[in-house]
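Below is one structure, written out as structure tokens; the observations come after it.
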Amino acid sequence: MYAPAAKAWSPYAAGVVIGLLQIPAFLLIDTALGASSSYVTVSGHLAAIADPGIKAIKYVARHLEGAKNWWQVAVVVGIALGALLSSRLSGTARSAPSPVWQRAIGRHSPPTRFAMAFAGGFLMLLGARIADGCTSGHGISGSAQLAIGSFIAVAAMFGGAMLAAQFLRRV
Amino acid sequence: MTTLSAILVGLAMGAVFGFALEKSRVFEPGVIVGQMQLRSFIMLKVFLTAVATGLVVLAALHGFGFAKLFPKATIFGADIVGGLVLGAGITLAGACPGTVLAQIGAGYRDAWFTLIGGLAGALTFSYLEPALNPILLSGGPGRLTLNGVFGVPFWPLALGFAALLVAGLVALERWRPWRSEVGENYDGLLPPAQPAALAGAGRRQPA
């Protein structure tokens with residue numbers, strides 16, 4: 001049932017695996033599991049090609065170098081590799097946008113979906129950086145450290161997401 | 001640890017993370033949007049299980065003195081405003097900052113637009129940060145934690161909270177078995193919603 005080629009694992013088994021990743025994060029890297037600050041590292045390096053002045057922004061400078069920043073970039077790259085492997089082993093590889101979008105916006109339109117995905121990604125990281133964490137950093141790691149700010153951020157995330165979902169059609 | 005070994009550890013950890021995200025189907029836009037419309041609860045199940053596991057892990061690591069904790073500072077305005085904006089983005093993207101990479105790995109073409117949008121969002125924030133910092137991103141009571149507020153050690157409260165989450169998850173699973181939420185094509189897409197009066201009767205049975 002939990003074979004590498006299975007198309008689905010129980011969400012509880014997967015959740016335990018993800019939670020156990022805190023062990024190497026805290027013991028080897030001296031930090032908690034997170035994802036969203038890697039976007040600052042990568043976009044900062046890309047932007048510095050055109051605008052070297054961005055390195056003068058202290059917030060950017062402290063995300064550019066160092067083992068912890070590159071560790072998190074490696075984690076998100078690894079996520080893509082792990083999902084690639086899993087989907088190829090089980091035959092659940094995807095290509096076109098999920099059919100859920102046709103239901104959510106009422107028609108099949110890849111360009112609309114691409115614009116929506118871009119806007120969603122933009123808001124996601126703008127918000128995550130304002131809150132100083134995302135579903136991983138605040139959600140999984142902050143809650144597991146009983147951080148009050150993370151509980152507030154998680155409540156706001158689900159609130160904002162559920163509110164936005166009311167503007168889509170019922171899926 | 002050198003940067004190179006940190007990168008190798010990160011790649012290995014990420015691969016495990018991505019494998020688990022794909023297997024649980026929580027990376028599917030159908031699962032994420034379904035959660036936000038309260039059609040499906042797979043996302044909540046994975047999320048709360050990961051939190052409960054993390055609580056037990058950290059209770060042990062911190063309780064036995066193997067690790068120190070890094071709770072983020074509480075900044076009320078930033079946590080609320082940032083969380084709301086992030087949440088709206090999660091629904092439009094059908095992804096989280098981490099799961100979008102799992103979507104790319106699984107092959108979803110639109111996830112590349114989410115990723116590019118995410119990089120643009122992070123960059124926009126980077127340029128705005130010096131201006132936003134004094135008005136939104138600073139102040140507040142510091143690294144506030146539940147155990148700190150109650151004045152108790154971390155580990156017993158963490159274990160108690162984990163037990164509470166497990167009890168909640170057991171109830172959630174009884175109410176909505178996960179197999180009934182995966183969808184025929186493992187994409188979280190369930191048969192179209194029934195009119196409200198029939199919603200209970202029309203619920204899909206476990207495959």
Side-chain angles (χ1 to χ4, degrees), chain A residues 9 11-12 14-19 22 26 35-36 39-40 43 59-60 67 71 74-76 78-80 82-84 86-87 93-94 97-98 100 114 117-118 120-131 134-135 140 143-149 152-153 156-157 160-161 164-165 170, chain B residues 3 6-7 10-11 14-15 18-20 22-24 29-30 36-37 45-46 49-51 53-55 57 67 69 71 74 79-80 82-93 96-98 101-102 105-108 110 113-114 117-119 121-123 125-126 129 144-146 186 193:
Chain A
W9 285 1
Y12 311 107
V16 167
V17 170
I18 294 166
Q22 300 291 7
F26 276 82
S36 69
Y39 287 76
V40 179
S43 68
Y59 177 82
V60 176
W71 166 79
V75 167
V76 297
I79 288 176
L84 176 82
S86 175
S87 65
R94 309 296 191 199
S98 165
V100 76
F114 294 155
F118 181 90
F122 187 93
L123 292 177
M124 214 160 67
L125 267 299
L126 181 65
R129 292 333 300 160
I130 291 172
C134 63
T135 340
I140 296 173
S143 308
Q145 296 178 81
L146 302 177
I148 307 267
I152 296 170
M157 270 176 229
R170 284 287 283 169
Chain B
T3 301
I7 287 174
L11 281 173
F19 202 90
E22 206 278 341
K23 287 293 179 231
S24 69
M36 299 314 170
Q37 291 185 346
K45 290 168 185 172
V46 175
T49 306
V51 173
T53 307
L55 282 163
V57 162
L69 301 179
T74 299
D79 289 334
I80 293 169
L84 288 171
V85 173
L86 164 58
I90 286 173
T91 293
L92 290 181
C96 309
L101 276 304
Y108 276 126
D110 50 333
F113 290 85
T114 312
L119 290 169
L123 188 63
F125 175 82
S126 295
E129 200 271 349
L144 213 58
T145 58
L146 214 53
Y186 298 89

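The shown structure was predicted, so the numbers you read here are calculated from the model rather than taken from an experiment.
- Closest of all the heavy-atom pairs between B:Ala93 and A:Ala117 is CB-O, 4.5 Å.
- In terms of heavy-atom pairs under 4.5 angstrom with chain B, the leader among A:Gly127, A:Pro11, A:Ala128 is A:Pro11.
- Under the 30°/60° scheme for interplanar angles, the aromatic rings of A:Phe114 and B:Phe113 are found to lie parallel.
- Of the inter-residue distances, the one linking A:Phe118 atom CZ with B:Asp110 atom CG reads 14.0 Å to the nearest 0.5 angstrom.
- Summarising the geometry, atom OH belonging to B:Tyr108 is positioned 10.5 Å from atom OG belonging to A:Ser87; distances are rounded to the nearest 0.5 Å.
- Of the residues considered (A:Ser36, A:Ala67, A:Ala164), A:Ala67 shows the highest number of contacts with chain B, using heavy-atom pairs under 4.5 Å.
- Of the residues considered (A:Ala144, A:Ser86, A:Ala156), A:Ser86 shows the highest number of contacts with chain B, using heavy-atom pairs under 4.5 Å.
- In this structure, the portion of B:Val57 lying under 4.5 Å from any heavy atom of chain A is its side chain and not its backbone.
- In terms of heavy-atom pairs under 4.5 Å with chain A, the best-connected choice from B:Gly30, B:Gly98, B:Pro97 is B:Pro97.
- Rounding to the nearest 0.5 angstrom, the gap separating the CD1 atom in B:Ile80 from the CD1 atom in A:Ile152 is 6.0 Å.
- Heavy-atom pairs under 4.5 Å with chain B peak, among A:Gly120, A:Ala93, A:Cys134, at A:Gly120.
- When heavy atoms are compared at a cutoff of 4.5 Å, B:Glu129 approaches chain A solely by way of its side chain, counted from C-beta outward.
- Expressed to the nearest 0.5 Å, how far CG of A:Leu125 lies from CG of B:Leu86 amounts to 8.5 Å.
- Partners of A:Ala80 under the side chain to side chain contact (heavy atoms under 4.5 Å, CB included) rule, at least two apart in sequence or in another chain, are B:Leu101.
- Within the 3.5 Å criterion, the main-chain N or O of A:Ala161 finds a donor-acceptor partner in the side chain of B:Thr91.
- For a residue to count as touching a neighbouring chain, one of its non-hydrogen atoms must lie under 4.5 Å from one of that chain's; by this rule A:Val60 touches chain B with the side chain only.
- Residues B:Gln37 and A:Arg170 approach most closely at O-NH1, 2.9 Å, considering heavy atoms.
- Comparing A:Arg129, A:Gln22, A:Gln145 by how many heavy-atom pairs each has under 4.5 Å with chain B, the most go to A:Gln145.
- The line from CG of B:Leu84 to CG of A:Leu123 is 11.5 Å long, rounded to the nearest 0.5 Å.
- Looking only at side-chain heavy atoms (C-beta outward), A:Val17 and B:Lys23 stay at 4.5 Å or farther from each other.
- With chain A as partner, the option from B:Ala20, B:Ala50, B:Ala122 having the largest number of non-hydrogen pairs under 4.5 angstrom is B:Ala50.
- Taking B:Cys96, B:Ala67, B:Ser24 one by one and counting their heavy-atom pairs under 4.5 Å with chain A, the maximum is reached by B:Cys96.
- Most heavy-atom pairs under 4.5 Å with chain B: of the set A:Ala153, A:Ala131, A:Ala83, A:Gly19, this distinction falls to A:Ala83.
- B:Leu55 has its side chain within reach of A:Leu146: a pair of non-hydrogen atoms, C-beta onward, lies under 4.5 Å apart.
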